[in-house]
Structure formats: structure tokens, C-alpha cells
Amino acid sequence: MPTKRALAFLIVSVLLYLFANQTQVGWIYIMSAIVAGVLAASWWLNRRTLRGITASRVFSAQKQNTDIAKKNQRSSGNSASSAFNGLDQDLHEGDEINIQLTLRNTNRSTASLVRAAESCPFAAPSAETLRATSLQLFVPSLLQNQTAQFNYTVIADRRGVHRFPPLKISTRAPFGLFERKRDLDQPTPILIYPEVKKLRRLSLLDRQPAAQIVTQRAGIGTEIIGVRAYRVGDSPRHIHWRTVARTNHLMSKEFADETHPGLTLVLDVFNQKSEINIQKSKHTPFEYAVKIAASIGDYALRRAYPLHLLVDESSLAAPSGALNRIALLEYLARVQAEGKRSLADVIHTRATQTFVAVIMPYPDSTALESLSALSRRAEVMVVLLDPESFPGGGITARSFADQLRALEIDVRLIRYNEDWTHSLQDKKQNAEYAAVR
């Protein structure tokens, strides 16, 4: 694409030619031809400058929570997310991530005056980080197989799978008369886990029942409580052949749960219009709910409780069975508030473990009856976010919290911009604080 300077050169060349044609002065013809030749040579050289440019990115992170980071590295080793990110450590929201961008010239000719515009998809979209989210780079000269490296640091603003937009490179070499632009599509996907805060205690899981208990729910044991449809992975020894002969369908025995009591995390992902309206911000009740779920799950796993996840799978299919830390964080990094079923419907879909932590971004009066029934067969704690306190606003959750307390359900009311770890760890303090509010 010609620049203003090229248009000026073209005008000068035409004027010199017209002037020479009127005066018949030979050297003016030569000057006109030289200017036109410079234009032609500049166009020819410019069109080949960016052909051999390639780009690559490498990440490294400085953990904000060093205690959790060290423990996670010891426990997870080379995790799936590490392979996904090309790192030997996990990346969490709030971590300081160093990004090394490398440009390489694979063309035989020298690339000169190369400009690049780098955009980081997980940086905070604020004035303070504007330079990090739109970084302007300049390379004076890049010989064949030579590289140019640029390092910059960004604080991971949001969880999720992020892909870098095409790197926009341009050049006006050699004389600034023509500008050549090109988009280098180097997505470099990176997975950012939600923030995990290390809880010191949690009354729901600190109540120590017997390590071996028998409950009338499906699990690993010796007492048969019924039969169910055969699932891929079931042991052939557990097939109930009498039922198979009668129904002509593969059926498996279902055993009573005689294992260590576990925790079921129930995350309400029901699609909320208010959540959609403010989804451009990370300061929403649902984003807080994801962080809380990750922190409670981390505490349960550190205490060696089997961890299960119960969500509306119309949003995102959850892993089946007991989860390890990586499986939990992988899911919570991707899930969005896009469910089509209410919390009451989700609770009835599957049996739960001995302990149940229900995380509700928004109050839902239709779930009262289901939560009450759930509390009669399991130890239940409801973590309720108060939308009224968030920047986007919303209804208050205090009356709904009072209704849950009237049903003798343990409730933790969480407000925006407050240290929610204290509310989770101290039931009495949370109840007194909610009453004052």
C-alpha cells in the first residue's frame, strides 16, 4: 500500500516529466526517471520483506501464592495443563506471567524496519495495562535465520482458555514509500486456572465421622443395593446375569458405599440474564463462585476426601467419578454460566457424597425444597453470593439466606470485595455479619 511519501514522489516525478517535456532539458528527464525508478524499486523490495517472518511465544510464571504453587508442583508433576501451556507449572488467575515473543527471519533477504503489534488476550483491559495489552515492537534489521526476542510481563486477569490474536506485522522498508502488512496467525493457546485460596479450615469437612460408613447410595462396597444399566468400564464380574436373561439388556450390580466419606461440589451454572449483561467484567457472582469452588475442592483434596462434581452438563460435561486436582481445575477454568437447568433439577439427577457444598451465584427460591431434602440425607453447606454487592448490582440474597437458616442449613453469605475465606472458615462470624448487614 503506498504511503503519503510515495504519493509525493509520484507527483514530483510527473511534474518533473511535464516540466522537462516543456523545456526539453535532458537532465530533468533523468531526474524524473530516477524518482520513478526509486518508486518502482521500493515497491519491488517492499513486497518481499515480510515473507519469511515467523513468530513463537514461550511462557514462564511467577506464582502469587508460593505455598500452593510448591504443593501443586509436588503433587501434580507434568500435568495436562502444563503440557497445554508448555510449562512445568500451573497458571492461575492473578499470576504474573512472563511472555517471550520471538521473531525469526527464514527468508534469504534481510527484513528491515519491521513493526509488530502484540495483543495479550488475558491481560486486564484497563488503562494501567494498556501498554501490555497492545505492545508495539520495532526491529531495525533482521538477517537470514536471525531472531529478535521481546519480553514482557502480564498479570493473568481471567481464567479460561485464551488464544492470542494474529500478530500484526508491517514494514515500510526500504524508503518508507510503501507499507506491507501481514497477520501472523500464531494462536499459542494458554489455559488459566481460577484463583485458588488456601483455606486453613472448613467446618463442613472438619466434622470427623467414622472413616468407614455404609450408606444406601451407589459406591464401592460388598452389599448389593440394586442393579443399573451397564456402563463402559464396569467389571464383567459385576454383571447381574439373571436380570440380563430377563430383560435382554446388560445390567450391573450396584453396591452400597462403604468408602471414606467424600465431598460433592454442586456448582449452579444456570444461565442468568444479569450474568450475561456483565460478562465482560470478571467481577461477577459466577466468577466468585468458581474461585470458591476451586478453593473448597483444593481443601477437600488436601484433606484426602474423595471429590465429586455435580453441575448442569448442558453447559459443559463434567468429569465422572472422583476428581483429582487437575481435573477439577481443568473443568473450572472452562465452565461458563450457560446452563439450561435450574439447581433444583440438577440436585435430583445424581446421588451425592456424605458432604455436599452447594455454590450459588444467585439466590433461587425454587431450590429451597430440594436443598431441604438434600440436607436430610447429607451434610450440606450452601455458599451464597450476594449479587446486590457486586458492581453490576442485582437482587439481595439476605432473605434467601435467612430462609435457608430457618431450614437449619449451614449458609455462608459472600459479598463482593471482601475476604470470603474468613466467611467460609468461620460459620459464627458469617452468621453474625449477615445479621448486622
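For reference, positions follow the sequence shown, starting with 1.
Ion pairing between a basic and an acidic side chain is recognised when a charged N comes within 4.0 Å of a carboxylate O; E195 and K282 show no such pairing. E287 has no carboxylate O lying under 4.0 Å from a charged side-chain N of K291, or vice versa, which leaves the two without a salt bridge.
Side-chain atoms of Y152 and E118 form a donor-acceptor pair, as typed in the model, at a separation below 3.5 Å. Under 3.5 Å, the side chains of D345 and S342 contain a donor-acceptor pair of N or O atoms. Side-chain N/O atoms of R182 and T49 include no donor and acceptor closer than 3.5 Å.
Around OH of Y17, the count of heavy atoms belonging to other residues, nucleotides or ligands within 6.0 Å does not exceed 12. Within a 6.0 Å radius of CZ in R115, no more than 12 heavy atoms belonging to other residues, nucleotides or ligands are found. Around atom CZ of R5, no more than 12 heavy atoms belonging to other residues, nucleotides or ligands sit under 6.0 Å away.
Using cut-offs of 30° and 60° for the angle between ring planes, the F122 and F164 rings count as perpendicular. Taking the six-membered ring where tryptophan is involved, the planes of Y193 and H92 are perpendicular, since the angle between them exceeds 60° and thus also 30°.
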(message) One pair to check against side chain to side chain donor-acceptor pair (under 3.5 Å): S320 and R350. What are the steps and the verdict?
(response) CA-CA 11 Å; S320 59; R350 200 169 72 223; over 6 Å; no
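Between F178 and L39, the shortest heavy-atom contact is CE1-O, 3.4 Å. Between G297 and L328, the shortest heavy-atom distance links the atoms CA-CD2, 3.8 Å. The two atoms that bring L191 and A333 nearest to each other are CD1-CB, 3.7 Å, heavy atoms only. P361 approaches P387 most closely through the heavy-atom pair O-CG, 3.8 Å. Across all their heavy atoms, H308 and A322 have their closest contact at CE1-N, 3.5 Å. Taking each heavy atom of P261 and T354 in turn, the nearest pair found is CB-OG1, 3.4 Å.
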